[in-house]
Novice: 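Next up is a structure, given as structure tokens.
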Amino acid sequence: MLLIDRATVRELYPVELAMPVMAEAMRRYSGGQVELPLRTILRPEKDTGLLGTMPGFVAGEDLAGYGLKAMVLKPENPARGLDLHIGVVLVFDPGTGAPLAMMDAGAVTAVRTAAVSGVATEALARPDAGDLAVLGSGVQARSHLEAMHLVRPLRRVRVWSRTAENAEAFRVWADKELGVEVETMATPAAALAGADLVCTTTAAREPVVQAADLAPGAHVNAVGASFIDHRELSSEAVAGASLFVDSRESALAESGDLRAPLTEGLVGPGHIRAELGEVLLGTRPGRREPTEITVFKSLGLGVQDIMSGFAVAEEAAARGLGQTFELD
């Protein structure tokens with residue numbers, strides 16, 4: 001079995017290489033080639049953290065087989081200088097079932113989530129979109145700026161963060177690493193004003209995006225609220241948008257952004273226009289009008305981690321990277 005650390009995952013699996021893998025993952029999911037239970041969340045009463053597990057099976061000629069992601073969320077970690085989410089992605093040899101590779105899940109998640117948003121942006125955003133608002137300034141904010149920079153020529157970028165120091169650090173990083181000029185904004189509304197591309201990457205429990213803040217024709221990648229008790233978008237913002245998801249089942253069961261307007265009677269289950277994979281397969285339409293607001297609600301799926309895991313393992317073996325570990 002290969003053990004692949006965070007730095008090696010990042011070297012082997014940049015966003016530009018992950019995007020075609022994630023596009024195929026979404027096509028396979030919506031095309032019925034994937035078996036995934038809803039993720040299991042364990043929240044012990046005697047601990048501040050939680051454990052999430054996402055097993056699955058992916059069919060196909062390549063990047064296919066059994067896999068699993070297991071991650072622990074510890075709220076105290078950022079203060080310790082550690083990631084909020086820590087865990088592993090494990091993939092198994094398709095022929096024998098033996099463990100094939102285990103790798104840092106944080107690095108995989110950062111890249112695959114942004115890559116899926118990049119795929120969604122290519123499919124749903126207006127071709128001329130290039131005024132980007134990023135809400136949040138952490139790992140996902142950075143990887144999403146990389147993805148947006150790849151799929152659209154960015155003419156303006158603004159960031160908002162609850163902590164001004166973090167927003168400034170994001171601005172400095174973007175200039176140094178990507179050569180992208182970023183403006184820091186004092187409020188979400190200021191960041192969103194006139195933006196036709198939006199990435200929400202926060203840990204918000206209450207909405208930071210109001211319907212009135214979204215410009216006509218904007219495309220929103222809503223990725224930060226991945227639990228039923230977290231929301232980034234107001235109910236009115238969701239109700240007024242054309243909603244696309246990675247998984248209908250997951251969105252209806254796990255998305256606070258969707259469950260709130262459902263509970264309030266502002267929308268019904270049919271408000272979901274399509275899964276992203278259906279748009280990519282051509283079985284459902286994407287954007288219909290230049291002025292419509294499109295929202296891609298991303299919760300993250302095990303198929304994304306599993307296919308990413310196989311892609312990283314394949315590249316590591318080809319380049320002789322990672323550490324070999326014998327279980328017997």
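Because the structure is predicted, anything quoted here is derived from the model rather than measured.
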Novice: Glu168 side chain to Glu165 main-chain N or O, any donor-acceptor pair under 3.5 Å?
Specialist: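 It does not hold such a pair.
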Novice: Is any side-chain heavy atom of Leu276 less than 4.5 Å from a side-chain heavy atom of Asp246?
Specialist: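 Not touching, per the 4.5 Å side-chain cut-off.
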Novice: In terms of hydrophobic clustering (I, L, V, M, F, W, Y; side-chain heavy atoms under 4.5 Å; direct or indirect links), are Leu321 and Leu100 co-clustered?
Specialist: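 Per the 4.5 Å side-chain linkage, Leu321 and Leu100 are co-clustered.
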Novice: To check you understand the geometry: which heavy-atom pair defines the closest contact between Ala222 and Val295, and what is its length?
Specialist: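 Closest approach of Ala222 to Val295, heavy atoms only: CB-CG1, 4.4 Å.
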Novice: Measuring from Arg248:CZ to Leu258:CG, what's the distance to the nearest 0.5 Å?
Specialist: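 The CZ atom of Arg248 sits 11.5 Å away from the CG atom of Leu258.
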Novice: Hey, are Arg126 and Glu289 close enough for a salt bridge, meaning a charged N less than 4.0 Å from a carboxylate O?
Specialist: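 Looking at Arg126 and Glu289, the cut-off is not met.
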Novice: Taking a hydrophobic cluster as the set of Ile, Leu, Val, Met, Phe, Trp and Tyr residues connected by side-chain heavy atoms closer than 4.5 Å, whether directly or through intermediates, do Val134 and Val119 fall within one such cluster?
Specialist: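 They do not share one cluster, since no chain of ILVMFWY contacts under 4.5 Å joins Val134 to Val119.
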Novice: Following the transitive rule for hydrophobic clusters with a side-chain heavy-atom cut-off under 4.5 Å over Ile, Leu, Val, Met, Phe, Trp and Tyr, establish whether Trp160 and Val198 coincide in one cluster.
Specialist: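 The answer is yes; both residues are in one hydrophobic cluster.
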Novice: Just by distance, do the side chain of Asp196 and the backbone of Gly130 share a donor-acceptor pair under 3.5 Å?
Specialist: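 Side chain of Asp196 to backbone of Gly130, a donor-acceptor pair under 3.5 Å: yes, one is there.
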Novice: Just wondering, do Ser255 and Ile228 contact through their side chains at under 4.5 Å, heavy atoms?
Specialist: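 No, side chains not in contact.
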Novice: Indicate yes or no: does Lys69 engage Asp104 in a salt bridge with an N to O separation below 4.0 Å.
Specialist: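 Result for this pair is no, no salt bridge flagged.
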Novice: Are the side chains of Leu132 and Leu145 in touch, meaning some heavy atoms are under 4.5 Å apart?
Specialist: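 SC-SC contact between Leu132 and Leu145 confirmed.
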Novice: Between Arg28 and Asp62, does a salt bridge (Lys or Arg N to Asp or Glu O under 4.0 Å) hold up when you go through it step by step?
Specialist: CA-CA 12 Å; Arg28 290 192 199 179; Asp62 62 347; 2.8 Å; yes
Novice: Which pair of heavy atoms, one from Leu124 and one from Thr294, lies closest together, and at what distance?
Specialist: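 Nearest heavy atoms, Leu124 then Thr294: O-OG1, 3.9 Å.
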Novice: Could you give me the CA-CA distance, side-chain angles and deciding distance for Glu11 and Arg319, then say whether salt bridge (Lys or Arg N to Asp or Glu O under 4.0 Å) is met?
Specialist: CA-CA 11 Å; Glu11 177 184 349; Arg319 293 169 57 177; 2.8 Å; yes
Novice: Do Glu236 and Leu266 have side chains that get closer than 4.5 Å, going by heavy atoms?
Specialist: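 Of all side-chain heavy-atom pairs linking Leu266 with Glu236, at least one is under 4.5 Å.
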Novice: Test your reading of the model: is there a side-chain donor-acceptor pair from Thr187 to the backbone of Ala190, 3.5 Å cut-off?
Specialist: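 Yes: the side chain of Thr187 pairs with the backbone of Ala190.
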Novice: Atom CD of Gln210 and atom OG of Ser235: how far apart are they, to the nearest 0.5 Å?
Specialist: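 Those atoms lie 9.5 Å apart.
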Novice: Can a donor-acceptor pair be found, under 3.5 Å and without considering hydrogens, that links the side chain of His149 to the backbone of Gly179?
Specialist: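 No, His149 side chain to Gly179 backbone: no donor-acceptor pair under 3.5 Å.
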Novice: Please indicate whether Tyr66 has more than 12 foreign heavy atoms, meaning atoms of other residues, nucleotides or ligands, lying under 6.0 Å from its OH.
Specialist: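 At most 12 heavy atoms, drawn from other residues, nucleotides or ligands, come within 6.0 Å of this atom.
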Novice: Between Phe244 and Phe296 (judged by ring centroids, cut-off 6.0 Å), do the two rings come close enough to count as a pair?
Specialist: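 Ring centres of Phe296 and Phe244 not closer than 6.0 Å.
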Novice: For residues Phe310 and Val21, determine if any side-chain heavy atom of one lies less than 4.5 Å from a side-chain heavy atom of the other.
Specialist: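 Answer no - side chains too far apart.
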Novice: Taking the side chain from Gln304 and the backbone from Ala115, do they hold a donor-acceptor pair closer than 3.5 Å?
Specialist: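 No.
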Novice: For Val209 and Val220: C-alpha separation, side-chain torsions, deciding distance, then whether side chain to side chain contact (heavy atoms under 4.5 Å, CB included) applies.
Specialist: CA-CA 10 Å; Val209 175; Val220 181; over 6 Å; no
Novice: So, for Ser143 and Ala110, which heavy atoms are closest and what is the spacing to 0.1 Å?
Specialist: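 Closest approach of Ser143 to Ala110: OG-O, 3.1 Å.
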Novice: Any donor-acceptor pair under 3.5 Å linking the side-chain atoms of Thr48 with those of Glu76?
Specialist: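 Per modelled atom types, Glu76 and Thr48 side chains form a pair under 3.5 Å.
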Novice: State whether Glu292 and Arg288 are salt-bridged, where the test is any N-O pair (Lys NZ or Arg NE/NH1/NH2 against Asp/Glu carboxylate O) under 4.0 Å.
Specialist: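 Between Arg288 and Glu292 there is no salt bridge, as every charged N stays at least 4.0 Å from the carboxylate O atoms.
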Novice: What's the spacing between Glu275 CD and Lys297 NZ if we round to 0.5 Å?
Specialist: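 Rounded to the nearest 0.5 Å, the CD-NZ separation comes to 15.0 Å.
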Novice: I would like to know whether Leu178 and Trp173 meet side chain to side chain contact (heavy atoms under 4.5 Å, CB included); could you show each step before the answer?
Specialist: CA-CA 8 Å; Leu178 302 178; Trp173 169 84; 3.7 Å; yes
Novice: Please give me the minimum heavy-atom distance between Asp257 and Glu232, naming the atom from each residue.
Specialist: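 Reported closest heavy-atom pair: OD1-N, 2.9 Å.
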Novice: About how many Å separate OG1 of Thr201 and CG of Asn221, when rounded to the nearest 0.5 Å?
Specialist: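 OG1 of Thr201 is found 10.5 Å from CG of Asn221.
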Novice: Taking all non-hydrogen atoms of both residues, which atom of Ile41 and which atom of Gly52 are closest, and how far apart?
Specialist: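 Heavy-atom minimum between the residues: CD1-CA, 4.0 Å.
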Novice: If I take atom CE from residue Met22 and atom OG from residue Ser308, how far apart are they, to the nearest 0.5 angstrom?
Specialist: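 Going from the CE atom of Met22 to the OG atom of Ser308 covers 3.0 Å.
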Novice: Would you sort out whether Ser250 and Leu38 count as a side chain to side chain contact (heavy atoms under 4.5 Å, CB included), showing the intermediate values?
Specialist: CA-CA 7 Å; Ser250 295; Leu38 287 173; 3.7 Å; yes
Novice: Taking Arg273 for the side chain and Arg284 for the main chain, is one N or O donor matched with an acceptor at less than 3.5 Å?
Specialist: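 The answer is no, because no donor-acceptor pair under 3.5 Å joins these two groups.
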Novice: Quick check against the 3.5 Å criterion: does Thr8 have a side-chain atom that pairs as donor or acceptor with the backbone of Ile4?
Specialist: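 Side chain of Thr8 to backbone of Ile4, a donor-acceptor pair under 3.5 Å: no, none is there.
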Novice: Inspect the contact between Glu122 and Arg152 and indicate whether a charged nitrogen and a carboxylate oxygen are less than 4.0 angstrom apart.
Specialist: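 No, no charged N to carboxylate O under 4.0 Å.
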Novice: Can you tell if the side chain of His271 reaches within under 4.5 Å of the side chain of Val238, non-hydrogen atoms only?
Specialist: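 Yes, at least one pair of side-chain atoms sits under 4.5 Å.
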Novice: So that I can tick it off, tell me whether Asp131 and Arg158 are bridged by a salt bridge, with the cut-off set at under 4.0 angstrom between side-chain N and carboxylate O.
Specialist: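 Result for this pair is yes, salt bridge flagged.
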Novice: So with a 6.0 Å cut-off around CD of Glu264, is the heavy-atom count from everything else above 12?
Specialist: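 More than 12 within 6.0 Å, yes.
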Novice: Are Asp305 and Arg112 close enough for a salt bridge, meaning some N to O gap below 4.0 Å?
Specialist: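 A salt bridge is present here (some side-chain N lies under 4.0 Å from a carboxylate O).
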Novice: Decide yes or no for Arg39 and Leu301: does some side-chain heavy atom of the first lie under 4.5 Å from some side-chain heavy atom of the second?
Specialist: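 SC-SC contact between Arg39 and Leu301 ruled out.
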Novice: Can you tell me how far CE of Met71 sits from OG1 of Thr53, rounded to the nearest 0.5 angstrom?
Specialist: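 It comes to 12.5 Å.
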Novice: Is a donor on one side and an acceptor on the other found under 3.5 Å between the side chain of Asn166 and the backbone of Ser161?
Specialist: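 Absent.
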Novice: Cluster question for you: counting only ILVMFWY and a side-chain heavy-atom cut-off of under 4.5 Å, with indirect links fine, are Tyr13 and Leu68 together?
Specialist: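 Hydrophobic grouping puts Tyr13 apart from Leu68.
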Novice: For Leu135, does its backbone N or O pair with a side-chain atom of Thr202 as donor and acceptor, under 3.5 Å?
Specialist: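 Absent.
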Novice: I need the minimum non-hydrogen distance between Leu262 and Gly268, along with the two atoms involved.
Specialist: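 For Leu262 and Gly268, the tightest heavy-atom pair comes out as CD2-C, 3.4 Å.
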Novice: Any heavy-atom pair between the side chains of Phe325 and Pro99 that's under 4.5 Å?
Specialist: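 Pro99 does not reach Phe325 side chain to side chain.
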Novice: Are Arg171 and Thr184 close enough that a side-chain donor and a side-chain acceptor fall under 3.5 Å?
Specialist: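 On atom types as modelled, these side chains do not qualify, holding no pair under 3.5 Å.
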Novice: Do Val9 and Met19 land in one hydrophobic cluster if side-chain heavy atoms of ILVMFWY residues count as linked below 4.5 Å?
Specialist: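 Yes, one cluster joins them.
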Novice: Glu326 vs Thr324, test: side chain to side chain contact (heavy atoms under 4.5 Å, CB included). Steps then yes/no.
Specialist: CA-CA 7 Å; Glu326 297 293 339; Thr324 301; 4.1 Å; yes
Novice: Under the salt bridge (charged side-chain N to carboxylate O under 4.0 Å, His left out) rule, what pairs show up with a residue in residues 173-192, not counting sequence neighbours?
Specialist: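 Every salt bridge (charged side-chain N to carboxylate O under 4.0 Å, His left out) pair that includes a residue of residues 173-192, provided the two are not neighbours, is Arg156-Glu183.
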